[in-house]
Amino acid sequence: MRYSGLKVFTEGLLGNRGWKPVWRDPAPKASYDAVIIGGGGHGLATAYYLAKNHGLTNIAVLEKGYLGSGNIGRNTTIVRANYFLPGNSEFYSHSMKLWEGLEADLNYNVMHSQRGLINLFHSDGQRDAFARRGNAMINQGDDAILLDRDGVRELLPYLDFDNTRFPIYGGLLHPRGGTARHDAVAWGYARAADRRGVDLIQNCEVTGIDIANGRVTGVQTTRGAIRAAKVGMVVAGRSSQVAAMAGLRLPIESHILQAFVTEGLKPVIDHVISFGMGHFYISQSDKGGLVFGGDLDFYASYAARGNLPMVEHVMEAGMTLMPMIGRARVLRSWGGIMDMTPDGSPIIDKTPIDGLFIDAGWNYGGFKAVPASGFCMAHLMATGTSHPVAARFKLNRFATGHILDEEGTGSQHNLH
Amino acid sequence: MRLTCPFCGPRDRREFHYYGAADYLNRPGPEAAASAWDDYLHNRDNPAGVTQDLWYHEQGCAAWLKVTRNTVTHEILAVDAVAGGAA
Ligand SMILES: Cc1cc2nc3c(=O)[nH]c(=O)nc-3n(C[C@H](O)[C@H](O)[C@H](O)COP(=O)(O)OP(=O)(O)OC[C@H]3O[C@@H](n4cnc5c(N)ncnc54)[C@H](O)[C@@H]3O)c2cc1C
Ligand SMILES: [Zn+2]
């Protein structure tokens with residue numbers, strides 16, 4: 001069923017009785033040309049682009065829970081292309097272009113909203129660093145505008161500009177940055193992949209990876225064995241467990257990241273605001289809730305909930321930046337499991353096992369990456385070579401020293 | 001979360017700094033192969049369940065501690081001093 005304005009209108013008149021489930025619920029076949037482990041944003045996008053760009057349709061996505069039950073439905077939905085390092089810059093730029101055509105491509109409203117992202121700075125040194133980053137973004141073909149203090153004040157009059165510890169000197173505006181509806185992205189890719197014949201198999205946990213003579217031959221699942229000559233591991237926070245089924249030990253430590261949402265309020269925050277020095281960022285959802293978060297809890301964890309010290313820290317940072325939110329009531333908080341790499345950048349690569357591929361290490365920034373990650377993982381699985389914009393996301397880059405340390409803090413597990 | 005420091009007793013999580021997996025205790029010798037250094041610095045078991053990692057009692061006695069804990073439940077099973085301990 002194609003969605004259109006006319007369809008919405010006629011369904012409205014007919015009591016909305018004509019809507020059908022938007023994807024099938026097939027039983028797993030005994031074999032596929034390729035299977036993707038993980039039905040999050042990256043897994044579903046990989047399946048979609050395998051079908052669309054490479055004509056591979058005898059494929060399946062195997063998801064242990066329901067589609068979109070992982071981080072794709074738990075993130076704070078920021079979409080941006082403001083990276084600095086060659087290797088990251090062209091990848092996120094590619095992703096942004098895919099975002100901009102995504103709704104038409106998928107025939108699905110993912111509520112992509114380019115409301116502008118503002119990164120605040122608080123010293124001369126930080127201003128220089130952001131000016132340099134802005135130039136790198138412009139060189140990449142994306143957009144950036146360096147705002148002075150008055151420029152920020154015009155857009156965000158409600159901030160506390162004179163905080164003694166972090167007075168606001170200005171901000172880097174990325175006009176094409178913004179947000180999207182997270183689970184709509186999963187649903188949109190799922191529906192579009194299903195329409196191209198991809199089997200989306202839910203409640204199907206992969207429990208083993210079969211390997212013979214250094215080649216992958218299939219997977220064991222809670223719904224039986226499935227043969228496949230190509231297998232993609234796209235399981236975000238669970239990457240270490242799934243890779244261990246193939247005897248691999250990854251440069252990944254799983255950490256917890258929390259987020260928060262308030263009750264719905266009238267429109268008050270028009271942009272995405274990032275207060276890096278305070279470890280705080282915020283935007284307002286279309287429903288009106290203030291959606292905000294901060295840094296990792298900073299210890300390895302698989303609990304999908306965090307600890308109170310970080311809750312306190314995030315609230316304090318929010319109150320420091322914009323005291324006006326103090327009366328808003330927090331509705332709920334939650335956590336997601338982040339696949340952290342030592343340098344904070346992802347991996348899209350082959351593994352030492354023929355036919356086994358990995359897409360992982362998305363850290364706290366994998367939502368905006370969903371389109372390009374799926375695009376490049378599909379390219380890799382179909383052609384056996386890295387897509388040029390993802391060519392530096394190598395699994396062995398820590399051993400070879402080709403790290404991608406965007407923050408410039410070092411290549412060590414507790415630093416990103 | 002609270003950790004019971006063997007020297008200071010039960011203390012709030014805020015007093016401690018997390019360093020990383022206890023793999024950091026097994027530093028390879030200077031002659032070790034590059035792959036041993038890669039394993040030491042980067043590759044991790046990263047278990048969902050019982051793990052051992054290193055914490056620093058930054059705002060307490062400044063001891064390095066080896067903590068045995070469950071990454072799924074956040075339950076703390078043991079806290080031992082690294083120095084002089086059976087590391
Ligand atoms: C609080 C929070 C805020 C965030 N904010 C942002 C943001 O603002 N912007 C941004 O760009 N990114 C953000 N992120 C990061 C982003 O959400 C993740 O990087 C991204 O969603 C991870 O990729 P995914 O969608 O494929 O993961 P997931 O949705 O977690 O998909 C992985 C899937 O694999 C499945 N799986 C695991 N093991 C198995 C198995 N053995 N067999 C079968 N299936 C399995 C899981 O059930 C899961 O559905 C945030 C994350 C969190 C937690
Ligand atoms: Zn102590």
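Chain identifiers are assigned alphabetically (A, B, ...) following the order of the sequence lines, protein sequences preceding nucleic acid strands; residue numbering begins at 1 within each chain.
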Engaged part of [X] at the chain B interface, taking heavy atoms whose separation is under 4.5 Å:
X: A:Asp297; result: backbone
X: A:Ile252; result: both
X: A:Pro342; result: side chain
X: A:Arg305; result: both

Closest heavy-atom contact between [X] and [Y]?
X: B:Asp38; Y: A:Ala399; value: OD2-CB, 3.4 Å
X: A:Glu253; Y: B:Gly20; value: OE2-CA, 4.3 Å
X: B:Leu41; Y: A:His413; value: O-CD2, 3.8 Å

Measure up the B:His42 and A:Phe398 rings against each other and bin them: parallel (under 30°), tilted (30 to 60°), perpendicular (over 60°).
-> tilted

Heavy-atom cut-off 4.5 Å, strictly under: side chain, backbone, both or neither for [X] against chain A?
X: B:Asn46; answer: both
X: B:Ala34; answer: neither
X: B:Asp39; answer: both
X: B:Tyr24; answer: side chain

Would you check if [X] and [Y] make a side-chain contact, meaning some heavy-atom pair closer than 4.5 Å?
X: B:His74; Y: A:Ser301; value: yes
X: B:Trp55; Y: A:Tyr299; value: yes
X: B:His17; Y: A:Asn414; value: yes

